[in-house]
Amino acid sequence: MGWTAVRKIFAEAGQLLNQELEVRGWIRTQRESKNFAFIELNDGSCFKNLQVVYSDKLANFATVAKFPLGTSLKVTGTLVPSPAAGQPFELKAEAIEAIGLSALDYPLQKKRHSFEFLRTIPHLRPRTNTFMAVFRVRSLLAYALHTFFHERGFVYVHTPIITASDAEGAGQMFRVTTLDPKSPPLDERGAIDFSQDFFGRETNLTVSGQLNVEGFCLAFNKVYTFGPTFRAENSNTQRHASEFWMIEPEIAFADLGDNMELAEDMLKFVIRFVLEHAPQEMEFFNRFIDTSLLQRLQHVVEAKFEHVTYTRAVELLQQADMKFNFPPEWGKDLQTEHERYLSETIFQKPVFVTDYPKEIKAFYMRLNDDNRTVAAMDLLVPDVGEIIGGSQREERHDVLKKRIMEMGLKVEDYEWYLNLRKFGGAPHAGFGLGFERAVMYLTGMENIRDVIPYPRTPKSAEF
RNA sequence: UCCUCAGUAGCUCAAUCGGCAGAGCGGAUGGCUGUUAACCAUUAGGUUGGGGGUUCAAGUCCCUCCUGAGGAGCCA
């Protein structure tokens, strides 16, 4: 590259001052007077813009002054101290040349746009401050997670996107098929004959890599998956998308306590990592998106997470001086309002709720000695809600088989999964972290559609 | 899927009881010797989400559909 990144200019301004430089980027804003003008140039390497100043000494001064916002530029000039307040230095241009002109109907203006409008132009919104910050943090968070696990000896496992079984018996799935929807082959009973489908059976997009990764856990001990998952639920909320990413670690010779310790360490590590590596972006979020963000994250990094059993949580909610739309009751799942009250009012920090009634949890969760609860845990965080869900897995072959049958699932579908308990089974545990929810938690963004580059939600899969 | 709210210029929003559809920003044109979402002046820009109805008259009231948002459920 024959040009200098703006990130480098900000980092090494001292050495670069009074030197001739070339930069390339896009016009964020432009302010012109009769004899001189200013361009705020962003090259994507850094959150901040570089101010370019040019005068009518440039032969093409009038032309450049007419460049629409969004135009991509090549600028050569000298880095000089800025005489005006607002920026420590600026590039005094000796030549400015358009690489790609923008059209006059460029939709991004020098003013605040609503997030709703920006969702209609997901291909252009990364050129705004907020989305540039969001997607840099998203990228950094992925890197932080990989770093955390690799430093601890975890193996990254790529579980399949196309699956043959429904992992948890919960959640609508997207069917994967090459059959002609207008005239699918039928069997003798008139049902669709999936034996003639591409894979010779019914297949779907994955809703979780957990069951698959358990096999690798019982070989590598410490493993994780990190990839896209798909849910065909018709849920319309700020926190749900049809396509989202999940991180699912799984550790062997471990119980629920080890699992929670891992979750807490992971969350604290990635928060510290992002605070350290994206200070400008985080400062921006704290200023314009959520003014209590940095304080809250700092608090989480320093706090010891709370632990409370489901049974105790229900008691606390029943004793609370608070009128709930749904009265808390043992045996029923916690409502969103209950979860919020626990994390935001009672504990005011992340809290693990553990040992849920077996009836409301998945079949693979380990049955406790009381025979009525399972070794499950949900991590509830203020403002975002459930961010992690996990459990110690049932390692006892007979108990697991019994649970599969109790839940009305077909044992033959889970033969391979039962096999893991037959051939050298071991206690193991794991959890799932919703990647987008973590991004929301770290940025203060309130809508999941604003932390996914091209979000997919019910009735919405444009671009 | 259910409940609630909303849809007016490219964007963000006004429009009183049903009575001539407006402003700021953005665009165009001109002015301005250091701007910081620059400033000043002029100007263009509308099938008020689609369809139907009530009325002398509908952006406004009614029906319906579409789209978006918030909440609930489901969950991560």
Ignoring the backbone of [X], work out which of [options] is nearest its side chain.
| X | options | result |
| --- | --- | --- |
| N236(A) | rU1(B), rA37(B), rC32(B) | rU1(B) |
| H113(A) | rC74(B), rG68(B), rC11(B) | rC11(B) |
| Q238(A) | rG34(B), rG71(B), rG26(B) | rG71(B) |

For the side chain of [X] and the base of [N], is some donor closer than 3.5 Å to an acceptor across the two?
| X | N | value |
| --- | --- | --- |
| E116(A) | rG70(B) | no |
| Q51(A) | rU35(B) | yes |
| Q335(A) | rG73(B) | no |
| H240(A) | rC75(B) | yes |

Exercise for review: Determine the interatomic distance between C1' on rU29(B) and the same-named atom on rG34(B); round to the nearest Å.
Suggested key: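 Comparing C1' positions in rU29(B) and rG34(B) gives a spacing of 24 Å.
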Point to revise | Nearest-Å distance once atom C1' is located in both rC56(B) and rC61(B) | key: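 Result for the C1' pair: 16 Å, nearest Å.
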Tell me whether the OP1 or OP2 atom of [N] has a side-chain N or O from [X] closer than 4.0 Å.
| X | N | value |
| --- | --- | --- |
| R119(A) | rA69(B) | yes |
| K66(A) | rU29(B) | yes |
| R340(A) | rG71(B) | no |

Review point. Under the salt bridge (charged side-chain N to carboxylate O under 4.0 Å, His left out) criterion, do R125(A) and D450(A) qualify, and how do the steps go?
Key: CA-CA 10 Å; R125(A) 66 180 179 168; D450(A) 296 329; 3.3 Å; yes
Practice item. Tell me what T237(A) touches on the nucleic acid: a base, only sugar-phosphate, or nothing, going by heavy atoms under 4.0 Å. Key: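 Base contact - T237(A) has a heavy atom under 4.0 Å of at least one base atom.
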Point to revise | Ion pair D43(A)/R24(A), N-O distance below 4.0 Å | key: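 Salt bridge absent between D43(A) and R24(A).
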Exercise for review: Answer yes or no: is there an ion pair linking K304(A) with E264(A), defined by an N-O contact shorter than 4.0 Å?
Suggested key: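 Result for this pair is yes, salt bridge flagged.
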Practice item. Could you verify whether a donor N or O on one side chain and an acceptor N or O on the other, from E233(A) and H240(A), lie under 3.5 Å apart? Key: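 Side-chain D/A pair, E233(A) to H240(A): absent.
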